[in-house]
Amino acid sequence: MAEENKSSLDALSALCKRRGFIYHSSEIYGGMPGFWDYGPLGCELKQNVKQAWWQFTVRGREDVVGLDATIIMHPRIWKASGHLDTFADPMTMCKDCKKLMRADQVKDIYADQKKKPQPKVAGAEFFCPYCGGELTEPKPFNLMFKTVVGPIDDPSNVAYLRPETAQAIFAQFTNVTATSRMAVPYGIAQMGKSFRNEVTPRNYTFRSREFEQMELEFFIRPDEAIELQYGHVVTLADKPDLNGPVQDDWGWEVWHKYWVEQRKKFLNAVGLPTERFVEYWQKPDELAHYARACVDIEYDFPFGRQELEGIAARSDFDLTQHQIHSKVPQTVFDDPLKQACKKLTDEQKAAFVAKTQKDWLDRKQKAQSAKAGKEIVFSADEAAAVAAQAKAFCENLFDGKYVPHVIEPSAGVDRLMLALLCEAYEEQALTDEKGKADVRTVLHFHPKVAPVKVAIFPLIKKDPDQDRIAREIFAKLQKKVNCQWDVSGAIGRRYRRQDEAGTPWCITVDAQTVQDGTFTVRERDSMTQSRMTYGEFLAKMYEALEF
RNA sequence: GCGGGCGUAGCUCAAUGGCAGAGCUCCAGCCUUCCAAGCUGGCUACGAGGGUUCGAUUCCCUUCGCCCGCUCCA
C-alpha cells in the first residue's frame, strides 16, 4: 500500500512535469531544494484556486475585506509576534546517531523516554536523549530568511522575509478598521507568498521554503462583551444554525466552528469531497499557549495524512502583542456595547467583574494544567495579577472598548493544489470495442479549477470550412475562459492529451457543423459525446463554473 | 549538517576502454481522422571537474545534484 502510494506520487509528479504543471526551481543549475515553479498549466490551476478562495472568502461576503501587504516588514513585527524568538531555535545534533533536535527540548525528550540512556561521556549533563551520545554545540537555526534593507550590510538593517502573511493583517488592523467602514465582527483576508527556511523540505511541493498562503483573520468581540450586551452568549451547546446568516450573539466557540464549516464548504466547492479529508481537533495539551482551539483539516496524501489548513481561535493574543510592542492601542470602540453598559448598576458591574475574574483564573489554570499534564494552582500573587488584568479589561468594556479576538482560517495554496492534483489523478484501465486494453491517464479537476476549460479541434484540419468555424468558436470562447487549440494527430490522441491536462470539455467541429452549426462536446470524465449548439454549450459550461 | 540510495534523450531502459541505441512522448508532414496503436522525417543524453590511457560514458579520485530517513505544523 505504501509502495503503491509512493509510486502514485511518482507518477503524478512525472505527469506534472510532462504536462507543465510543476518544475523544479532553477533546474538547469541543478535545482534548489524546497523551491518549485509552476508551469503553464500549473499557474492556471493556481490562479483558479486563489480566485475561488477570494471569491468564496472575500467577494462573496459582506463582512470580509482584502489586504495585499509587503513581504518584508518592520523587523519588530516578528519580535511582537514571537517568530523572532520561537523561530530561532537552537538546534543540536547527536554525533553518534545523527538525530537532529531542538537543544531546549533535549531534557523533555529525555523525560519522555521509556528507556533512559546513560551518557556515553561520564558525567555529561548535555547528551543525546536517544542513545546517550555526545551532542554538538547548539547552533541557532532561524526559520526566517534574513535579508538586509538599504545600502549598508549592517545588523541594524536586518529584515526578514515574512514566515506567514497573518502578521501583516494584524499590523494593518487599525488602518483597515478606520478606512473600510467595517466593524467587528469582520474579517481581513490576504493571499501571498511566505518563506520558511525549513530544515528538511520534502514530499514534493508539500513542505516548500517559498510557498503561498491564503489567510483570513476574522475579528470578533470577546465573549464578555456579548454577555454584557445581550445577557447571554451563544455556545455550541445551544446548537446554533451554522448554515444560516451569522448572528451577533455568537461566542468565539460558535464563530470558530462556523469557520470550520465554511472552510469545508470551500474545499467541497473546489473538488475535495468531505469524505476525503478529516477534521482534527487539537487536544488541549497540543494547543499553542494563546490558542483556545485549533482544527486541522487533513488530507490523505500518498505520503501520509497531512495538514491542508488550520482554523485557530487565537483569542486577542496577536493584537495585544502588537499593542504592547508598538504602543499603539489596538482596541476598537463599540458604541452598542457602551450604551448597553450605561444601563448597568454599580452592583451589576461589580458582579460582572467578579465573575470575569473567576472565569479568567479558571481558564488560565486549566490551560496550564493541560500543558503541564498535572494540576496547576496559581500562587496568590499570580492570581492577583490575573484578577487585576480581568478588572482592567472589564472597565474598558464598560467604556465600549476592547481588543478584538480572532479566528484564523489559514490555508496553503500549494498544499491545496497538491491535494487537488492527487485527488484528480487517475489511471483508467480501458478496453475498446475490439477488446484491446488501454490505459487512460486523466485529471478529474472540478471545472472551476481546471487549468484549461475547453479545447477546440477541427475534426479534419485540412478542411477549410471546419478549420474556419472551429477558429471562430475558439476566438469567441477565448474571451471568456482559458481554451486550447489543437490540430495535431488523430482526434483520439487530442482527447487523451486534454485528459492529462484535466480539460473538462472538448469541442470537435465536423462536416455537420458546417451545415447546422452544432458540434460534438466530449466530456472528460464520462468520455461521452453529445451534439449541441454554441449557446447550449455556454449555458452548460457556465452552470458548472458558477460558485 | 549526517547516513542510505541514485545520476545515459522529456520519460522508461540498453550497450561499450574505440562513431552511444531502442520504445514511448514531443515536433513537422502524409492519410476524408470522433478516443493515444498507420506511414515518412526531425529534435534531444553519458551531471561536473580532474587523473590513468593513444583514446574514458565505461577504470580511479573529487565535486555537484536528486530521492529517502532525522517530532519544521500553510
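In the text below, chain A, chain B and the rest are named by the order of the sequence lines, each starting its count at 1. Not measured: the values here are computed from a predicted model.
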Exercise. Can the positive tip of A:R305 be found less than 6.0 Å from the middle of the six-membered ring of A:Y299, inside 45° of the ring normal?
Worked result: no
Take the protein atom [atom1] of [X] and the nucleotide atom [atom2] of [N], then report the distance between them rounded to whole Å.
X      : N      : atom1 : atom2 : result
A:R209 : B:rC73 : CZ    : P     : 14 Å
A:Q529 : B:rU33 : CD    : C1'   : 13 Å
A:E309 : B:rA74 : CD    : P     : 11 Å

Exercise. Among the nucleotides B:rC35, B:rC73, B:rU33, which one has an atom lying closest to any side-chain atom of A:R522?
Worked result: B:rC35
For this session: Measure from the side-chain heavy atoms of A:H24 and tell me the nearest of B:rC67, B:rC31, B:rC73.
Result: B:rC67
Taking only the side-chain nitrogens and oxygens of [X], find out if one of them lies under 4.0 Å from OP1 or OP2 of [N].
X      : N      : value
A:R196 : B:rA74 : yes
A:R493 : B:rA37 : yes
A:R496 : B:rC34 : no
A:R531 : B:rC34 : no

With sugar-phosphate meaning primed atoms plus P, OP1 and OP2, does [X] contact a base, only sugar-phosphate, or nothing at under 4.0 Å between heavy atoms?
X      : answer
A:A14  : nothing
A:S410 : sugar-phosphate
A:D510 : base
A:L308 : sugar-phosphate
A:Q213 : sugar-phosphate
A:E500 : base
A:S208 : base

Seminar exercise, completed: Partner of B:rU57 under the Watson-Crick or G-U wobble criteria, both distances under 3.5 Å, comes out as none
Seminar exercise, completed: Which of A:Q466, A:R531, A:Q515 passes side-chain hydrogen bond (donor to acceptor under 3.5 Å, both in side chains) with A:D510? Answer is A:R531
For this session: May I ask you to decide whether A:R196 forms a salt bridge with A:E210, counting only side-chain N to carboxylate O separations under 4.0 Å?
Result: no
For this session: Heavy atoms only: give me the nearest A:S26-A:D37 pair and the separation to one decimal.
Result: N-OD2, 4.1 Å
